[in-house]
Amino acid sequence: MPESPLPESWDRYLGAEFKAPYMQQLRDFLAREKTSRKVIYPHSSNWFRAFELTPLDQVRVVILGQDPYHGPNQAHGLCFSVRPSVPTPPSLQNIYKELAQDVGFTPVNHGFLESWARQGVLLLNTSLTVEQGNAGSHRGQGWETFTDRAISAVSEHGLPTVFLLWGSHARQKKALVDRRRHLILESPHPSPLSAHRGFFGNHHFSSANGFLTEQGRGTIDWQLPAEPV
């Protein structure tokens, strides 16, 4: 991990984190994992992909996930998103169902969400790495400290933003967000286990665009291209 791999807009507020003791401990942990020949997802070139695609001054919506996907060829640094050739995971299929009901989204045959990220949707996992086949394996190693700082940076330095907090883990992060400036929308997680308990019908996508319009920040085109780009 380089001293700071972040683009300038983020580096201004988060660059010092890479010199903090917790980050050195995280580096040491990841080095030990690699030395042990464990497979880590995503590839290190994609650990900070969400920050690369969505500069801080362009963030309009924040969606929080927990871990990267831990199956082969899935994770590429954006929460809920998978590489173009990978089947769409169940939680993302449920997101598509809610989008169809809420904003007339036409389902697509891929789960590649980079077009959202390029429009200002920060697709941030709270832990940026995971061991293959071992969900939650890198929690508590330091990533959460870093991503909490990132959430706080959006709250303190970003323009008015919508935070979509799905599930109990994401909802815990609302304490980091200034409600006077930003909109927080909460619901159960879109996973098959909980989507029917209030994720379906939450109208978060239209509500987000309504708030952004009120703030003079335009809208997100939630419709994904038919072919991943």
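This one's a predicted model, so the numbers in the text were calculated from it and none came from an experiment. Numbers for residues simply follow the sequence, beginning at 1.
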I'd like to know whether L64 forms a side-chain contact (heavy atoms from CB on, under 4.5 Å) with L165, so could you lay out the CA-CA distance, the side-chain angles of the two residues, the decisive distance to 0.1 Å, and finally the verdict.
CA-CA 6 Å; L64 292 179; L165 306 183; 3.6 Å; yes
L30 vs W47, side-chain contact (heavy atoms from CB on, under 4.5 Å): CA-CA, chis, key distance, verdict
CA-CA 12 Å; L30 293 169; W47 289 354; 3.7 Å; yes
Step by step, would you call L6 with F18 a side-chain contact (heavy atoms from CB on, under 4.5 Å)?
CA-CA 10 Å; L6 300 176; F18 291 88; 3.6 Å; yes
Intermediate values then yes/no, side-chain contact (heavy atoms from CB on, under 4.5 Å), L56 and V154:
CA-CA 7 Å; L56 176 57; V154 176; 3.7 Å; yes
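Judged purely by atom type and a 3.5 angstrom limit, D221 uses its side chain to pair as donor or acceptor with the backbone of Q223. Judged by distance alone, the side chain of Q25 and the main-chain N or O of G142 form no donor-acceptor pair under 3.5 Å. Formation of a donor-acceptor pair under 3.5 Å by the E33 side chain with backbone atoms of F29 is not found in this model. Counting only distance, with no hydrogens or angles, the side chain of W10 and the backbone of T54 share a donor-acceptor pair below 3.5 Å. A donor-acceptor contact shorter than 3.5 Å links the side chain of R181 to the backbone of G158. Counting only distance, with no hydrogens or angles, the side chain of S187 and the backbone of F199 share no donor-acceptor pair below 3.5 Å. Panel note: side chain T126, backbone D67; no donor-acceptor pair is recorded below 3.5 Å. Of the possible donor and acceptor atoms, one in the side chain of H110 sits under 3.5 Å from a partner among the backbone N and O of P225. R139 contributes no side-chain N or O that, together with a main-chain N or O of A135, makes up a donor-acceptor pair within less than 3.5 Å. Between the side chain of R171 and the backbone N or O of E186 there is no donor-acceptor pair closer than 3.5 Å.
Interatomic distance, N94 CG to T88 OG1, rounded to the nearest 0.5 Å: 11.5 Å. In this structure, the separation between NE2 on H189 and CD on Q66 is 7.5 Å, given to the nearest 0.5 Å. Separation of atoms OH (Y96) and CH2 (W222) is listed at 12.0 Å; rounding is to 0.5 Å. The NE2 atom of H203 sits 6.0 Å away from the CG atom of D102 when rounded to the nearest 0.5 Å. With rounding to the nearest 0.5 Å, the separation of CZ in F211 from CG in L185 is 9.0 Å. Note that CG of L78 is 8.0 Å distant from CG of N46, once rounded to the nearest 0.5 Å.
Considering only residues two or more places apart in sequence or on other chains, Y13 meets the ring-ring contact (aromatic ring centres under 6.0 Å, His included) condition with H157.
Between W116 and F80, the distance separating the two ring centers is not shorter than 6.0 angstrom.
Of all non-hydrogen atoms in V82 and P89, the two that sit nearest each other are CG1-CG, 3.6 Å. Shown here for L159 and D57, the closest heavy-atom pair between the two residues is CD1-O, 4.2 Å. Heavy atoms only, all atoms of each residue included: S127 and W143 are closest at OG-CD1, 3.6 Å. Counting all heavy atoms, side chain and backbone alike, E144 lies closest to Q141 at OE1-N, 4.0 Å. Taking all atoms of both residues into account, the shortest heavy-atom contact from L122 to A50 is CD1-O, 3.7 Å.
Transitive grouping of hydrophobic side chains (ILVMFWY, heavy atoms separated by less than 4.5 Å) keeps V59 and L212 in distinct clusters. L124 and V121 fall into different hydrophobic clusters, defined by Ile, Leu, Val, Met, Phe, Trp and Tyr side-chain heavy atoms under 4.5 Å apart, directly or through other members. Cluster annotation: L164 and L53 are assigned to the same hydrophobic cluster (Ile/Leu/Val/Met/Phe/Trp/Tyr, side-chain heavy-atom contacts under 4.5 Å, transitive).
Between R12 and E156 there is no salt bridge, since no side-chain nitrogen of the basic residue lies less than 4.0 Å from a carboxylate oxygen of the acidic one.
Between Y41 and the choices Q132, E131, H70, the side chain to side chain donor-acceptor pair (under 3.5 Å) rule is met once, by Q132. No option in H43, H76, E114 other than E114 meets the side chain to side chain donor-acceptor pair (under 3.5 Å) test with R49.
Inter-residue side-chain proximity for L113 and L224 is flagged as met; some heavy-atom pair is nearer than 4.5 Å. A heavy-atom distance below 4.5 Å is not found between the side chains of V177 and K174.
By the 30° and 60° cut-offs, the orientation of the rings of F51 relative to F48 is tilted.
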